[in-house]
A.B. asks: 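One structure, as structure tokens, below. Some questions next.
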Amino acid sequence: MDPRRGRRGGPGPGVGPAAAAERSAHVIGIDPSDVMRAMAQRRCAPLIARDRVRLAARTGRPDTSVDVVIAVNKLQLWPGIPAALAGFHRVLGPGGRLLLSTHERWLPTDLTTLATTVEAAGFTSVRTWTGCPRAAAHRRRPC
């Protein structure tokens, strides 16, 4: 992947963009919430000053201009999943990757239907996974 291209995802309070900026030359955090963007701006201020992180309410990205799209705990908030997936597919360049992650209990549909929706948007090599990646660490407190 070309590290000069952008990654994008809802920045929340800025933890994700700050972590992504450690591995990417440029990160774009997209969030329609003014409150979340303000929190991310405070946390990512040094990265924003060095043009490593940019925050916006909309992507504004041209077609095939992004290498990776990451969306963590956002799927259940999208009013139109097919439209969101089409937007991701549009901005992802050749070989680009989409990572969707959310708690299964928050999914608006079952995993099989979601995988079919993702494939219908043009994505290939769709994989689903359930379970907690840190199960041993959560014996007393489940994910």
Side-chain angles (χ1 to χ4, degrees), residues 1-111 113-115 117-138 140-143:
M1 283 184 273
D2 182 347
R4 294 171 302 209
R5 292 177 177 243
R7 295 175 185 231
R8 72 177 196 163
V15 175
E22 292 177 14
R23 302 187 73 155
S24 180
H26 188 69
V27 175
I28 305 165
I30 307 299
D31 200 313
S33 167
D34 293 338
V35 172
M36 287 290 109
R37 282 195 319 276
M39 291 173 71
Q41 181 137 7
R42 284 191 295 274
R43 174 169 273 136
C44 297
L47 295 164
I48 292 169
R50 294 192 328 254
D51 199 31
R52 296 285 305 280
V53 170
R54 183 171 67 95
L55 303 171
R58 298 181 53 96
T59 68
R61 301 297 302 174
D63 293 0
T64 68
S65 63
V66 176
D67 286 327
V68 178
V69 173
I70 302 170
V72 177
N73 290 330
K74 302 290 183 231
L75 185 72
Q76 70 276 11
L77 303 175
W78 299 334
I81 292 173
L85 293 170
F88 295 153
H89 194 267
R90 180 189 64 79
V91 299
L92 279 168
R97 294 180 183 223
L98 168 66
L99 170 69
L100 299 176
S101 173
T102 192
H103 293 278
E104 191 174 4
R105 68 175 177 253
W106 293 343
L107 287 176
T109 186
D110 62 88
L111 280 176
T113 302
L114 178 60
T117 303
V118 171
E119 288 173 347
F123 292 95
T124 59
S125 302
V126 175
R127 296 182 193 125
T128 60
W129 182 82
T130 59
C132 179
R134 299 171 295 169
H138 294 286
R140 293 189 191 116
R141 183 177 54 89
C143 287

A.B. asks: Is the backbone N or O of Val27 less than 3.5 Å from a side-chain atom of Ser24, with the two atoms forming a donor-acceptor pair by type?
C.D. replies: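 Absent.
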A.B. asks: Roughly how far, to the nearest 0.5 Å, is CG of Leu55 from CD of Gln41?
C.D. replies: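 Spacing of CD (Gln41) from CG (Leu55) equals 6.0 Å.
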A.B. asks: Could you tell me which residues satisfy side-chain contact (heavy atoms from CB on, under 4.5 Å) with Ala18, sequence neighbours excluded, listed by chain and number?
C.D. replies: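 By the side-chain contact (heavy atoms from CB on, under 4.5 Å) rule, Ala18 matches Cys44, Leu47.
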A.B. asks: Can you tell me how far the CD atom of Gln76 sits from the CD1 atom of Ile81, to the nearest 0.5 Å?
C.D. replies: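 Here the rounded value is 9.0 Å.
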A.B. asks: Between OG1 of Thr102 and CH2 of Trp78, what distance do you get to the nearest 0.5 Å?
C.D. replies: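 So the OG1 of Thr102 and the CH2 of Trp78 are separated by 9.0 Å.
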A.B. asks: Please report the C-alpha distance between Val118 and Leu85 in whole Å, then the side-chain angles of each, then the deciding distance to 0.1 Å, and finally whether the side-chain contact (heavy atoms from CB on, under 4.5 Å) criterion is met.
C.D. replies: CA-CA 7 Å; Val118 171; Leu85 293 170; 3.9 Å; yes
A.B. asks: Looking at every heavy atom in both Ala86 and Ala121, which two are closest together, and how far apart are they?
C.D. replies: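 Looking at all heavy atoms of both residues, the closest pair is N-CB, 4.4 Å.
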A.B. asks: Quick one: closest heavy-atom pair of Pro13 and Met36, and the distance?
C.D. replies: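 Where Pro13 meets Met36 most closely, the heavy atoms are N-SD, 4.0 Å.
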A.B. asks: List the atom of Leu100, the atom of Leu75, and the distance in Å for their closest heavy-atom pair.
C.D. replies: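 Heavy atoms of Leu100 and Leu75 come nearest at CD1-CD1, 4.4 Å.
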A.B. asks: Can any side-chain N or O of Arg58 pair as donor or acceptor with the backbone N or O of Ile30 at less than 3.5 Å?
C.D. replies: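 No, Arg58 side chain to Ile30 backbone: no donor-acceptor pair under 3.5 Å.
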A.B. asks: Starting at CD of Glu119, measure out to CG of Leu114 and round the result to the nearest 0.5 Å.
C.D. replies: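 Glu119 atom CD to Leu114 atom CG measures 10.0 Å (nearest 0.5 Å).
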A.B. asks: Determine yes or no for a side-chain-to-main-chain donor-acceptor pair under 3.5 angstrom, with Arg90 supplying the side chain and Arg61 the backbone.
C.D. replies: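 Judged by distance alone, yes, a pair lies under 3.5 Å.
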A.B. asks: Could you grab the distance from atom OG1 of Thr117 to atom CZ of Phe123, nearest 0.5 Å is fine?
C.D. replies: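 That separation rounds to 12.0 Å.
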A.B. asks: Rounded to the nearest 0.5 Å, how far apart are NE2 of His89 and CG of Asp63?
C.D. replies: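 Reported to 0.5 Å precision, the distance equals 11.0 Å.
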